[in-house]
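Take a look at the structure set out below.
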Amino acid sequence: MQSTVQHNLVKVAATDLRVGMYVSNLDRPWLDTPFLFQGFRIADDDDLATLRQHCLWALVPASDLPPGMKPYCEPAAAPLDSPASVTANSGLFLVAAPPRQPELSVEDELGAAQPAHGRLRGALTQTWEALAAGGVMALEPLREAVLPVVESIGR
């Protein structure tokens, strides 16, 4: 079990997060959330609602906690014969880890990386043009363009 305090970071339940707190880490990969950056200060109620929708807890600096706020505690495991354990273990909620990809040399990976890099450049160009024209930033095309680059870096 992960400690509730890590290097002056404290696990805080999403329901206890407050505007102004700095979110250093989440209980899930950042790419599984709509947040643009890994680490940000909670700006408003919309940020809080999004955090609560996607996360059970987040790591915040201990200095951001109000006096008396308790760290998040993992719920106790359900007994094996309880209905909750049957539901959670029935296969409906199990998610397999992605298959491990073979490591490639940099030279071999460049062939796969170049099209991914081109798609990302195109998505960034479209985003900048939309923003310059007074439009809004479409996150999904950026996310779709970034993921192949991240996968390439991982290989």
Side-chain angles (χ1 to χ4, degrees), residues 1-80 82-104 106 109 112-113 116-117 119-121 123-124 126-128 130-131 135-155:
M1 182 168 110
Q2 189 178 14
S3 169
T4 57
V5 179
Q6 299 175 354
H7 306 293
N8 293 326
L9 294 175
V10 179
K11 234 187 231 187
V12 175
T15 55
D16 291 337
L17 294 170
R18 302 288 178 256
V19 171
M21 287 182 168
Y22 183 84
V23 175
S24 176
N25 209 344
L26 302 173
D27 64 354
R28 67 199 62 251
W30 287 94
L31 291 175
D32 291 349
T33 70
F35 300 108
L36 288 177
F37 301 106
Q38 293 186 7
F40 65 98
R41 192 159 299 280
I42 301 171
D44 53 29
D45 289 339
D46 290 338
D47 284 348
L48 284 172
T50 304
L51 280 162
R52 291 171 181 159
Q53 178 184 1
H54 291 277
C55 303
L56 293 176
W57 55 264
L59 289 177
V60 301
S63 59
D64 279 2
L65 295 182
M69 180 178 277
K70 304 240 187 267
Y72 176 80
C73 291
E74 301 284 345
L80 290 177
S82 77
S85 67
V86 172
T87 303
N89 293 321
S90 65
L92 293 174
F93 302 103
L94 299 177
V95 178
R100 185 165 175 88
Q101 297 182 6
E103 290 184 13
L104 300 175
V106 172
E109 183 59 32
H117 182 258
R119 284 192 299 274
L120 179 57
R121 284 185 61 161
L124 287 170
Q126 289 176 345
T127 300
W128 285 117
L131 290 173
V136 296
M137 184 181 298
L139 296 180
E140 196 55 36
L142 287 175
R143 184 185 313 267
E144 289 173 8
V146 165
L147 287 176
V149 173
V150 171
E151 290 169 357
S152 175
I153 291 168
R155 285 190 300 268

- Message: Looking at every heavy atom in both Pro148 and Arg119, which two are closest together, and how far apart are they?
- Response: CB-NH2, 4.0 Å
- State which residues pass side-chain contact (heavy atoms from CB on, under 4.5 Å) with Pro29; sequence neighbours excluded, sorted by chain then number. Asp32
- Message: Take a 6.0 Å sphere around NE2 of His117 and say whether it holds more than 12 heavy atoms from other residues, nucleotides or ligands.
- Response: no
- Item | Arg28 side chain to His54 backbone, donor-acceptor under 3.5 Å | yes
- Query: Does atom CZ of Arg121 have more than 12 heavy-atom neighbours from other groups under 6.0 Å away?
  - Reply: no
- Reported CG-to-CG distance for the pair Leu9 and Asn25, which is rounded to 0.5 angstrom: 8.0 Å
- What distance do Arg52 atom CZ and Asp47 atom CG have between them, rounded to the nearest 0.5 Å? 11.0 Å
- Message: Looking at every heavy atom in both Ala58 and Leu17, which two are closest together, and how far apart are they?
- Response: CB-CD1, 4.1 Å
- Message: Restricting to non-hydrogen atoms, name the atom on Leu51 and the atom on Ala14 that form the minimum distance, rounded to 0.1 Å.
- Response: O-CB, 4.2 Å
- Heavy-atom closest contact (Ala43 atom, Val19 atom, distance): O-CG1, 3.5 Å
- Item | Plane angle bin for Trp30 and Phe40 - parallel if under 30°, tilted between 30 and 60°, otherwise perpendicular | perpendicular
- Carboxylate-amine/guanidinium proximity below 4.0 Å for Arg41 and Asp64: yes
- Exactly one of Glu140, Gln53, Arg143 clears side chain to side chain contact (heavy atoms under 4.5 Å, CB included) with Pro34, and that residue is Arg143
- Message: Which heavy atom of Asp27 sits nearest to which heavy atom of Leu56, and what is that distance?
- Response: OD2-N, 2.6 Å
- Task: Might you point out which heavy atoms bring Pro66 and Met21 nearest each other, and give the distance in Å?
- Result: CD-CE, 3.8 Å
- Item | Residue of the set Val23, Val60, Thr50 for which side chain to side chain contact (heavy atoms under 4.5 Å, CB included) holds with Ile42 | Val23
